[in-house]
Structure formats: structure tokens, C-alpha cells
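The chain is numbered in sequence order, starting from 1.
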Amino acid sequence: FDANWNAMKKARLRFFAVLLLALGGAGYFWNSNALEPEPSPAPLPNFTPPPPPVWKAATPAQQKAAEKSIVAQLEAFKADRWPEATQYQSRGLRQNFASVAQFRAMIEDSYPQFASYKSVKFERARVNATAGGREIQIGVHLVGTDGVKQDATYLMVKEDGIYRVA
């Protein structure tokens with residue numbers, strides 16, 4: 001009986017050893033660092049998040065400038081002047097498109113009413129006071145030539161003296 005018992009114990013030990021190897025757990029048991037905690041990530045060097053935006057009513061001049069840029073871009077879309085239309089995008093937004101053709105495809109596929117609009121009305125614009133008036137937000141109510149109404153909010157940034165779509 002003792003011989004059988006010892007044989008069974010050895011067989012069980014071999015079985016568990018093979019099972020551990022198969023499951024990849026052997027490295028855990030034989031790795032001296034396995035029970036040590038992982039080091040903490042390095043702290044960020046004095047990172048201070050920017051202040052939240054403080055919005056205030058845009059001046060009439062800011063309102064007019066934002067509206068002028070939006071209408072100019074919409075007119076460029078409508079007249080099939082796509083290179084001109086991209087000039088009303090901010091530099092950051094322009095980097096998202098490899099070409100004018102890619103930008104055109106995105107507008108025509110995702111915003112067909114903007115690509116061919118019939119009318120547009122603007123809400124009262126507001127500027128981000130914490131950004132020194134460099135950012136402006138303005139709501140639009142647009143109707144496409146297909147009669148479909150579309151509401152949107154433009155976020156624009158002032159670059160080179162004009163507001164551009166951000």
C-alpha cells in the first residue's frame with residue numbers, strides 16, 4: 001500500500017508541475033521579484049492644467065468677424081472652391097486632413113447641408129475670456145438646399161487676424 005501511495009503522490013506532483021508550466025505560472029513561483037510590487041510611475045513634472053474657460057458675450061465686432069468667416073467658408077463650399085474653403089480651418093484642424101479632396105469628402109459625406117446651404121442664421125456668439133478672446137463659440141441654424149435643417153455650434157480660433165474653424 002505504501003508503494004502505491006508514494007507512486008500516486010509522485011504522479012500528482014508531476015501532474016501539477018506540468019500544469020503550472022503549461023499555464024505559465026512556473027515563472028511566478030521561481031521568480032524572486034514576483035512578489036515585489038511594481039514601481040510607481042514617475043510623477044509629471046509640475047503639470048498645471050489650464051484654467052477652465054470663462055465665456056462672456058462677444059463684442060459686435062467679434063460676432064461679425066466670426067459670422068464673416070463662416071459665411072465665406074459656406075460660400076466656398078457651395079461654389080466648389082474647396083482649396084479656399086480649407087483656408088477657414090485652423091492650422092490644427094487642417095492637419096487632420098491629408099488633402100483638400102479628403103476634407104471635401106468628409107464635408108460632403110458628413111455635413112451635406114453645409115456643403116450646399118440655402119440659408120444660415122446665427123445665435124449670439126461668446127468668447128473665451130481666459131483665452132484673451134482668441135476663441136469664440138457661435139451657434140448656427142442652417143437649412144440645406146434639400147430643405148433639411150441643421151443646427152451646429154462652431155468653435156473658432158483667431159489666427160492671422162481672422163477667426164477659423166477649430
Side-chain angles (χ1 to χ4, degrees), residues 22-25 27-28 31 33-34 36-166:
L23 295 176
Y28 178 81
N31 183 350
N33 296 325
E36 293 178 18
E38 292 189 25
S40 301
L44 293 175
N46 298 328
F47 175 74
T48 304
V54 175
W55 297 99
K56 66 176 189 171
T59 66
Q62 290 168 322
Q63 175 92 26
K64 186 176 179 180
E67 289 178 9
K68 183 178 177 183
S69 290
I70 292 169
V71 169
Q73 187 179 52
L74 292 171
E75 287 295 320
F77 290 160
K78 194 181 206 179
D80 202 28
R81 296 188 315 260
W82 292 92
E84 179 185 328
T86 63
Q87 298 307 306
Y88 294 97
Q89 293 176 279
S90 66
R91 288 191 242 345
L93 186 57
R94 246 182 270 143
Q95 290 176 357
N96 292 329
F97 301 98
S99 65
V100 171
Q102 188 183 44
F103 172 66
R104 177 183 184 159
M106 185 278 298
I107 293 293
E108 289 178 336
D109 292 344
S110 301
Y111 305 98
Q113 287 73 34
F114 287 77
S116 181
Y117 86 107
K118 184 165 90 176
S119 67
V120 64
K121 292 182 182 173
F122 295 96
E123 293 180 357
R124 188 76 179 107
R126 58 191 196 151
V127 294
N128 180 353
T130 55
R134 198 175 89 72
E135 295 177 356
I136 193 166
Q137 196 177 64
I138 185 168
V140 299
H141 304 285
L142 185 133
V143 179
T145 54
D146 57 4
V148 175
K149 295 176 182 178
Q150 200 70 59
D151 293 334
T153 301
Y154 278 79
L155 177 62
M156 306 180 82
V157 294
K158 197 165 197 178
E159 293 178 342
D160 304 323
I162 67 166
Y163 284 109
R164 299 176 195 269
V165 181

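- Nearest heavy atoms, Lys158 versus Gly161: CE-O, 3.7 Å.
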Exercise for review: Apply the test side chain to side chain donor-acceptor pair (under 3.5 Å) to residues Gln137 and Arg126: give CA-CA distance (whole Å), side-chain angles for both, the deciding distance (0.1 Å), then the verdict.
Suggested key: CA-CA 5 Å; Gln137 196 177 64; Arg126 58 191 196 151; 2.5 Å; yes

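- Checked options Thr145, Leu142, Val143; the residue passing with Ser119 is Val143 (criterion: side chain to side chain contact (heavy atoms under 4.5 Å, CB included)).
- Surrounding OH of Tyr111 are at most 12 heavy atoms belonging to other residues, nucleotides or ligands under 6.0 Å away.
- Considering every non-hydrogen atom in both Lys56 and Ala129, the closest pair reads CD-CB, 4.1 Å.
- In terms of heavy atoms, Val127 sits closest to Ala58 at CG1-CB, 3.9 Å.
- Pairing each heavy atom of Tyr163 with each of Ala66, the nearest pair is CD1-N, 3.9 Å.
- One distance of note links CD of Glu135 with CH2 of Trp55; it measures 5.5 Å at 0.5 Å rounding.
- Side-chain atoms of Arg134 and Asn128, non-hydrogen and from C-beta on, never get closer than 4.5 Å to each other.
- At least one side-chain heavy atom of Asp160 sits under 4.5 Å from a side-chain heavy atom of Arg91.
- With His141 as the partner, the side chain to side chain donor-acceptor pair (under 3.5 Å) test is satisfied by one option alone out of Gln150, Lys121, Glu123, Lys149: Glu123.
- Residues Tyr117 and Val71 form a side-chain contact, since some pair of their non-hydrogen atoms from C-beta on lies under 4.5 Å apart.
- The closest side-chain heavy-atom distance from Tyr88 to Arg164 is not below 4.5 Å.
- The closest side-chain heavy-atom distance from Phe122 to Ile70 is below 4.5 Å.
- Between Lys64 atom NZ and Glu67 atom CD the span is 9.5 Å, to the nearest 0.5 Å.
- Minimum heavy-atom separation, Ser90 to Ala166: OG-CA, 3.6 Å.
- Closest of all the heavy-atom pairs between Ala115 and Ile107 is CB-CG2, 3.9 Å.
- Gln63 places a side-chain heavy atom less than 4.5 Å from the side chain of Arg124.
- Side chains of Met156 and Ser69 form a contact here, defined as non-hydrogen atoms less than 4.5 Å apart.
- Classified by interplanar angle (parallel below 30°, tilted 30° to 60°, perpendicular above 60°), the ring pair Phe103/Trp82 is perpendicular.
- For the atom pair CD1 (Ile138) and CG (Leu155), the distance works out to 11.5 Å, reported to the nearest 0.5 Å.
- The closest side-chain donor-acceptor pair between Thr59 and Gln62 falls under 3.5 angstrom.
- The distance from atom CZ of Arg104 to atom CG of Asp109, rounded to the nearest 0.5 Å, is 11.0 Å.
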